[in-house]
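Residue indices begin at 1 and follow the sequence shown.
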Amino acid sequence: MKLINWINLRLVLMFGVVIVLFSFTSHRNGERKLKKSTVVFVGENAIFVKPEAVNKLLIENEKDASSIKKEGLDLNKIEKALNTQEMIEKSDVFVSIDGILKAVVKQKTPIARIMNGNESFYIDYEGSKMPLSDNFTARVPLVSGNLNEKNNEELAILFRMIFDDAFLKKNIIAIQIMPNGSLKMLNRNFNYEIDFGRTINVERKFNNYKAFFQKAVLDSSLYKYKRIDLRFTEQVVCTK
């Protein structure tokens with residue numbers, strides 16, 4: 001019985017020492033200040049938001065990261081602040097073992113630029129509004145006309161289809177939304193107008209256009225046309 005009690009006492013003492021050491025180490029670690037902060041952008045997008053602006057949010061308007069104690073950091077709060085920025089899709093904030101506060105940032109992906117009167121903005125890949133950047137201008141189709149709640153979702157699908165297709169992304173440079181909801185498009189290297197019609201059978205119309213283009217470009221006949229009509233899903237009608 002005495003042997004058992006002595007063993008139990010030793011275990012309790014050892015456990016107590018571990019807790020004290022852990023608390024002491026955690027306190028010292030929390031008292032330590034950060035070395036620096038850094039921002040890493042991931043993805044293929046050019047930098048639309050300046051790293052300095054992200055870093056300012058990262059260190060919560062302090063002069064620099066070296067004045068911030070580890071225990072005073074609220075990483076969730078910082079992430080939420082970054083994710084509310086209109087050009088940021090998602091961020092991941094953490095402190096590395098060597099005391100560096102890091103933010104890994106994924107920016108939103110613009111797929112079209114809307115020109116509506118005096119208002120101009122991007123539509124991102126998710127179909128949401130995204131402000132223009134003073135840092136970089138995205139090479140995406142310019143869209144004029146009325147973009148509203150009724151047609152926003154259908155047009156976002158069309159914009160994504162253009163963005164995801166290498167041929168369409170390279171060639172479609174402008175889209176005009178007509179009052180009746182039909183679309184007119186312009187090609188980068190040719191002067192004809194594409195009469196796309198309404199946003200129905202979108203994939204079929206684009207496939208028809210690509211098949212027509214690949215055939216017509218071989219004999220240089222594309223230079224002769226003023227209008228390419230894609231409204232009829234069974235055929236492409238050209239006007240000289």
(message) As a quick check of understanding, evaluate side chain to side chain donor-acceptor pair (under 3.5 Å) for N187 and Y209, giving each step before the final call.
(response) CA-CA 11 Å; N187 187 285; Y209 177 64; 2.8 Å; yes

For this session: Evaluate the side chain to side chain contact (heavy atoms under 4.5 Å, CB included) criterion for residues L101 and V93: first the C-alpha distance (whole Å), next the side-chain angles of each, then the deciding distance (0.1 Å), finally the verdict.
Result: CA-CA 7 Å; L101 178 61; V93 180; 3.9 Å; yes

* **Y122 and V140: CA distance, side-chain angles, deciding distance, side chain to side chain contact (heavy atoms under 4.5 Å, CB included) verdict** => CA-CA 9 Å; Y122 293 122; V140 293; 4.1 Å; yes

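At least one donor-acceptor pair under 3.5 Å links the side chain of Q107 to the backbone N or O of V49. Side-chain atoms of K36 do not come within 3.5 Å of backbone N or O of G99 as any donor-acceptor pair. R198 places a side-chain N or O within 3.5 Å of a backbone atom of N180 that can act as its donor or acceptor partner. With N83 contributing its side chain and E79 its backbone, the two residues share a donor-acceptor pair below 3.5 Å.
The shortest distance between side-chain heavy atoms of I123 and L147 falls below 4.5 Å. Between V143 and I177, the closest side-chain pair of non-hydrogen atoms falls below 4.5 Å. In this structure, I194 and L186 have side chains that are not in contact, with every pair of non-hydrogen atoms separated by 4.5 Å or more. Side-chain contact between V54 and K50: absent, with no pair of heavy atoms (C-beta onward) separated by less than 4.5 Å. Side-chain contact between V202 and M161 is present, with heavy atoms from C-beta onward closer than 4.5 Å. For the pair V40 and V105, the minimum side-chain heavy-atom distance is 4.5 Å or more.
Here CD of E86 is found 6.5 Å from NZ of K108. Values are rounded to the nearest 0.5 Å. Expressed to the nearest 0.5 Å, how far OG of S182 lies from CD of Q176 amounts to 9.0 Å. Expressed to the nearest 0.5 Å, how far CG of L82 lies from NZ of K77 amounts to 12.0 Å. Here the CD1-CG distance, from I78 to N76, works out to 9.5 Å after rounding to the nearest 0.5 Å. Atom CG of L230 sits about 10.5 Å away from atom CG of L183, to the nearest 0.5 Å.
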In residues 125-132, what donor-acceptor pairs under 3.5 Å come from side-chain atoms, sequence neighbours left out?
unit_1 : atom_1 : unit_2 : atom_2 : d
Y125   : OH     : D164   : OD1    : 3.2
Y125   : OH     : D164   : OD2    : 2.6
K129   : NZ     : E119   : OE2    : 3.1

Name each donor-acceptor pair under 3.5 Å that joins a side chain in residues 151-159 to protein atoms two or more places apart or in another chain, with its distance.
unit_1 : atom_1 : unit_2 : atom_2 : d
N151   : OD1    : N148   : N      : 2.8
N151   : ND2    : N146   : O      : 2.9
E154   : OE1    : T199   : OG1    : 2.8

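Between F213 and F190, the angle of the ring planes goes over 60°, which puts this pair in the perpendicular group of the 30/60° scheme. The aromatic rings of F196 and F206 sit tilted, their planes meeting at an angle between 30° and 60°. Between F212 and Y225, the ring-plane angle classifies as tilted under the 30° and 60° cut-offs.
Judged by distance alone, the side chains of S133 and N135 never bring a donor and an acceptor atom under 3.5 Å apart.
Within 6.0 Å of CD on Q235 lie more than 12 heavy atoms contributed by other residues, nucleotides or ligands.
In this structure, the side chain to side chain donor-acceptor pair (under 3.5 Å) partners of K210, at least two apart in sequence or on a different chain, are D165. Qualifying salt bridge (Lys or Arg N to Asp or Glu O under 4.0 Å) partners for E89, counting only residues two or more places apart in sequence or in other chains: K106. Listed by chain and residue number, N45 satisfy the side chain to side chain donor-acceptor pair (under 3.5 Å) test with T109 (two or more places apart in sequence, or in another chain). Judged as a ring pair (Phe, Tyr, Trp, His ring centres under 6.0 Å), and not counting sequence neighbours, the contacts of F136 are F48. In this structure, the side chain to side chain donor-acceptor pair (under 3.5 Å) partners of R113, at least two apart in sequence or on a different chain, are S120. Here N118 pairs with nothing under the side chain to side chain contact (heavy atoms under 4.5 Å, CB included) rule; sequence neighbours left out. For K169, there are no salt bridge (Lys or Arg N to Asp or Glu O under 4.0 Å) partners two or more places apart in sequence or in a different chain.
The shortest heavy-atom contact between L57 and A81 is CD1-O, 4.4 Å. The two residues F163 and P110 make their nearest non-hydrogen contact at CE1-O, 3.9 Å. Residues P51 and V39 approach most closely at O-CG2, 4.1 Å, considering heavy atoms. The nearest pair of heavy atoms linking I228 to C238 is CD1-SG, 3.8 Å.
Here I100 is tied to no hydrophobic group at all, with no ILVMFWY side chain closer than 4.5 Å. If you chain together ILVMFWY residues whose side-chain heavy atoms come under 4.5 Å of each other, F232 ends up grouped with V237.
Cluster annotation: M87 is not connected to I111 through the hydrophobic network of ILVMFWY side chains, with a link wherever side-chain heavy atoms come within less than 4.5 Å. I172 and M178 are members of different hydrophobic clusters when ILVMFWY side chains are connected at heavy-atom separations under 4.5 Å. Hydrophobic clustering, with ILVMFWY side chains joined whenever heavy atoms are under 4.5 angstrom apart, keeps Y223 apart from I173. Cluster annotation: F167 and V217 are assigned to the same hydrophobic cluster (Ile/Leu/Val/Met/Phe/Trp/Tyr, side-chain heavy-atom contacts under 4.5 Å, transitive).
Residue pairs meeting the salt bridge (charged side-chain N to carboxylate O under 4.0 Å, His left out) criterion with at least one member in residues 215-228, sequence neighbours excluded, are D195-R227, R227-D229.
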